[in-house]
Number of protein chains: 2
Amino acid sequence: MIENEIFRALADPTRRAIFEKLAAGGMNASALREGIDISQPAMSQHLAVLRGAGLVREERQGRFVNYEVDPEGLALIAQWLAKYRAYWPARIEALKVLLKDMDQ
Amino acid sequence: MIENEIFRALADPTRRAIFEKLAAGGMNASALREGIDISQPAMSQHLAVLRGAGLVREERQGRFVNYEVDPEGLALIAQWLAKYRAYWPARIEALKVLLKDMDQ
DNA sequence: AGAACAGATAAGCATGTACTTATGTGATTC
DNA sequence: GAATCACATAAGTACATGCTTATCTGTTCT
């Protein structure tokens, strides 16, 4: 069940920070470390977890490995969230805006 | 940062099962245990975590405590997710449907 | 081929987490 | 008011997790 791995992956604040950074644009593991106080192996391990959850995907580029957000994982979160739409408060205007964006 | 507590709360499959059960309708802690093989203290602890994350709220009713989904937590997940809308694949039709619902 | 570099993997360790049993607290019933 | 019930809290334990240092793999450059 990958849903489990997604939530487990996002449960760690460091991993959410990495993911957020990647959302601004794909980059390699070394570039990702800049600004985040983290060792090389730790970053590698976090990326492996994010990758296993389908939140991130990698692509070898020479001796670098470029990482980028994988929409797959986000889609699964969206699906999970959609199950509980009956409870979303009407005041979440952000989501309405979002829907309009998607309808274009 | 409650965002952290939300994802940590949902990282546990038992807690997600509890939350899902509550989404079908509010009920007390004993009723929640039915069908889920879990001890009374464990259930109580899980509910405390879900409550701390803003995913669930409680209401004393005599010697029972009724639990129900708290939209607050779901709203925060939606907000988190909305930050990455640029990456949502267009094929998530479910969300479009959902937006139409909200526009009504 | 060998040095240098980007990154992954291995192994060990300290802390966190989910459970257990035991007990405490508040409300109801007899 | 004493027993009972619904639930919370305490304390202990086994396992998971995130880190560390050390080492390995794969690629580039001279």
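Throughout, protein chains are lettered first and strands after them, A, B, ... in sequence-line order, and every chain is numbered starting at 1.
- A straight line from CZ of B:Arg33 to P of C:dC19 spans 12 Å, rounded to a whole angstrom.
- Proximity of B:Arg63 to the phosphate of D:dC7: no side-chain N or O atom is located under 4.0 Å from OP1 or OP2.
- The nucleotide whose nearest atom lies closest to any side-chain atom of A:Arg8 is, among D:dT17, C:dA8, C:dA22, D:dT17.
- Taking side-chain N and O atoms only, A:Asn28 has a distance below 4.0 Å to OP1 or OP2 of C:dG7.
- Put simply, CD on B:Gln61 is 11 Å from P on D:dC7, counting in whole angstrom units.
- Residues A:Ala11 and A:Arg60 each lie close to DNA chain D; by heavy-atom proximity, the contact nearer the 5' end of the strand is made by A:Ala11.
- The CD-P distance, from A:Gln45 to D:dA22, rounds to 15 Å in whole Å.
- Using cut-offs of 30° and 60° on the angle between ring planes, the pair B:Trp80 and A:Phe19 is parallel.
- Taking atom CG of A:Asn4 as the reference point, atom C1' of C:dA18 lies 14 Å away to the nearest angstrom.
- Which of D:dC19, C:dG7, C:dT20 sits closest to the side chain of A:Phe64 comes down to C:dG7.
- Contact annotation: A:Tyr67 side-chain N/O to C:dA6 OP1/OP2 distance is not under 4.0 Å.
- Note: CE (A:Met43) to C1' (D:dG18) measures 13 Å, nearest angstrom.
- Between A:Ser44 and C:dA6 there is no side-chain N or O to OP1 or OP2 distance below 4.0 Å.
- Distance, B:Glu34 CD to D:dC7 P: 11 Å, rounded to whole Å.
- B:Ser39 has a side-chain polar atom (N or O) that falls below the 4.0 Å cut-off from OP1 or OP2 of C:dT20.
- Residue B:Ile18 is tested with B:Val49, B:Val56, B:Leu55, B:Ile36 for a side chain to side chain contact (heavy atoms under 4.5 Å, CB included); the sole match is B:Ile36.
- The residue from B:Arg51, B:Arg57, B:Glu58 that alone fulfils the side-chain hydrogen bond (donor to acceptor under 3.5 Å, both in side chains) condition with B:Tyr67 is B:Glu58.
- Checking D:dC19, C:dA6, D:dC7 against every side-chain atom of A:His46, the shortest atom distance belongs to D:dC19.
- For the OP1/OP2 pair of D:dG18 and a distance below 4.0 Å, the side-chain nitrogens and oxygens of A:Arg15 include at least one atom meeting the criterion.
- Note: CD (A:Gln40) to P (D:dC19) measures 13 Å, nearest angstrom.
- Of the candidate nucleotides C:dA8, D:dA8, C:dC19, C:dA8 has the atom lying nearest to any side-chain atom of A:Glu58.
- You'll find the side chain of A:Glu72 stays beyond 4.5 Å of the side chain of A:Ile2, heavy atoms only.
- Of all nucleotides listed (C:dT21, C:dG7, D:dC19), C:dT21 comes nearest to the side chain of B:Pro41.
- Side chain of A:Asn28 to backbone of A:Ala31: a donor-acceptor contact under 3.5 angstrom is found.
- Rounded to an integer number of Å, the gap from B:Ile18 CD1 to C:dC19 P is 8 Å.
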